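Please read all numbers here as calculations on a predicted model, not as lab measurements.
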Amino acid sequence: MELKDTYKTIANPSEEILFKEKSSKFFGYAFPVSSQEEIKTHLEYLKKQHFGAVHFCYAYQIGTEKIEFRANDDGEPSNSAGMPIYGQIQSYELTNILIVVVRFFGGTKLGVGGLISAYKITAQMALEESTIIEKTIDVRFKITFDYKNINKVMRIVKEKKLNVISQKMELNCEIEITTRKKNAEEISDIFETFFEVSLKKL
């Protein structure tokens with residue numbers, strides 16, 4: 001079985017979209033996120049933007065191997081908002097994403113079926129406004145070596161097209177690199193055969 005080392009997410013935050021249903025307004029947003037802090041920041045920002053809105057319903061999924069997700073109805077009937085939004089994240093097979101739907105109540109109740117449909121459509125519209133991209137799941141390593149070994153280390157870095165995140169070139173050198181998950185074992189094996197070069201997975 002081939003190791004899956006890519007995932008799909010969105011490139012940038014989507015444009016604001018608006019869906020109207022029986023005079024209720026639903027504003028939809030999609031954001032690329034990778035931490036709880038980012039999620040909190042986006043929600044706080046939207047609450048300031050839409051002062052007076054009744055419901056800020058959202059769903060997110062973060063992580064590539066250890067998945068963390070949540071669907072929040074924010075006062076709407078149970079599973080009528082967060083789960084339909086989360087369903088769209090799943091149907092597009094995305095991660096590291098937050099979708100928020102802000103509702104202004106227009107005076108007419110939509111019923112649970114109407115709400116499920118409205119939240120689902122708004123989430124879908126926000127995703128249709130987004131650019132979906134595929135990214136690789138990367139593994140980070142720290143390589144430590146003496147300056148005299150710099151050439152052999154850098155040759156491998158270049159040959160294997162490793163991404164250098166940071167480097168400290170002194171008497172004792174340190175480089176942080178990333179490589180695609182499926183190449184990680186090979187890279188690890190190469191460096192571990194080197195004398196006087198140590199490799200640590202971060």
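- From Cys57, atom SG reaches atom CZ of Phe26 across 8.5 Å, with rounding to the nearest 0.5 Å.
- In terms of hydrophobic clustering, with Ile, Leu, Val, Met, Phe, Trp and Tyr side chains grouped at heavy-atom distances under 4.5 Å, Ile17 and Phe27 are assigned to different clusters.
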- Message: Does Gln61 form a side chain to side chain contact (heavy atoms under 4.5 Å, CB included) with Ile67? I'd like the steps, not just the answer.
- Response: CA-CA 7 Å; Gln61 178 157 300; Ile67 298 291; 3.5 Å; yes

Contacts table for residues 47-54: side-chain donor-acceptor under 3.5 angstrom, sequence neighbours left out:
from, atom 1, to, atom 2, distance (Å)
Gln49, NE2, Tyr45, OH, 3.4
His50, NE2, Tyr29, OH, 2.5

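- The NZ atom of Lys135 sits 5.0 Å away from atom CD1 of Ile133, with the distance rounded to the nearest 0.5 Å.
- When all heavy atoms are compared, the tightest approach of Ala126 to Gly28 is CB-C, 4.1 Å.
- Across all non-hydrogen atoms, the minimal contact from Lys201 to Phe141 is CA-CD2, 3.6 Å.
- Atom NZ of Lys120 is separated from atom CE of Met83 by 13.0 Å, given to the nearest 0.5 angstrom.
- Linking ILVMFWY residues whenever their side-chain heavy atoms come closer than 4.5 Å, directly or via other members, places Val197 and Val139 in the same cluster.
- Heavy atoms of other residues, nucleotides or ligands lying less than 6.0 angstrom from NZ of Lys152 number more than 12.
- Side-chain atoms of Asn183 and Lys160, non-hydrogen and from C-beta on, never get closer than 4.5 Å to each other.
- Looking only at distances, no side-chain donor or acceptor of Thr131 sits under 3.5 Å from a matching main-chain atom of Ala11.
- Between Tyr58 and Tyr60, the two ring planes are parallel [angle under 30°; tilted spans 30° to 60°].
- Heavy atoms only, all atoms of each residue included: Asp138 and Arg180 are closest at OD1-CA, 3.6 Å.
- Of all the heavy atoms in Phe56 and Asp74, the pair that sits closest is N-OD2, 2.6 Å.
- To the nearest 0.5 angstrom, Glu134 atom CD is 10.5 Å from Tyr7 atom OH.
- Nearest heavy atom pair, residue Val164 against residue Gln167, reads CG1-OE1, 3.9 Å.
- Here the side chains of Glu38 and Ile62 are not in contact, with every heavy-atom distance at 4.5 Å or above.
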- Step by step, would you call Thr179 with Glu186 a side chain to side chain contact (heavy atoms under 4.5 Å, CB included)? CA-CA 10 Å; Thr179 183; Glu186 181 200 355; over 6 Å; no

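- Tyr119 and Ile116 are members of different hydrophobic clusters when ILVMFWY side chains are connected at heavy-atom separations under 4.5 Å.
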In a table with atom names and distances, give each donor-acceptor pair under 3.5 Å that connects a side chain of residues 143-151 to protein atoms at least two apart or in another chain.
from, atom 1, to, atom 2, distance (Å)
Lys148, NZ, Glu196, OE1, 3.4
Lys148, NZ, Glu196, OE2, 3.3
Asn149, ND2, Glu196, OE1, 3.3

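- With hydrogens and angles ignored, the 3.5 Å screen pairs a side-chain donor or acceptor of Asp73 with a backbone N or O of Asn79.
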- Message: Assess the residue pair Ile175 and Leu162 against the criterion (side chain to side chain contact (heavy atoms under 4.5 Å, CB included)); give the C-alpha distance rounded to whole Å, side-chain angles, the decisive distance to 0.1 Å, and a yes or no.
- Response: CA-CA 11 Å; Ile175 304 186; Leu162 304 175; over 6 Å; no

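- Nearest approach of Ser130 to Ser14, heavy atoms of both residues: OG-CB, 3.4 Å.
- Atom CD of Glu185 sits in a sparse spot, with 12 or fewer heavy atoms from other residues, nucleotides or ligands closer than 6.0 Å.
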Would you give me the side-chain donor-acceptor pairs under 3.5 Å for residues 89-107, sequence neighbours excluded?
from, atom 1, to, atom 2, distance (Å)
Ser91, OG, Gln88, O, 3.4
Thr95, OG1, Gly63, O, 2.7
Asn96, OD1, Gly63, N, 2.8
Arg103, NE, Ser24, OG, 3.3
Arg103, NH1, Glu76, OE1, 3.3
Arg103, NH1, Glu76, OE2, 2.9
Arg103, NH2, Ser24, OG, 3.1

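- Put simply, Leu110 and Ile85 are part of the same group of oily side chains (I, L, V, M, F, W, Y) that touch within less than 4.5 Å, one to the next.
- Note that OG1 of Thr64 and CD1 of Ile137 are 4.0 Å apart. Values are rounded to the nearest 0.5 Å.
- Checked by atom type and distance alone, the side chain of Ser117 never pairs as donor or acceptor with a backbone atom of Gly113 at under 3.5 Å.
- Put simply, Val33 and Phe69 are part of two different groups of oily side chains (I, L, V, M, F, W, Y) that touch within less than 4.5 Å, one to the next.
- A donor-acceptor pair under 3.5 Å links the side-chain atoms of Asp5 to the main chain of Lys182, judged by distance alone.
- The distance from atom OG of Ser166 to atom CD of Glu174, rounded to the nearest 0.5 Å, is 7.5 Å.
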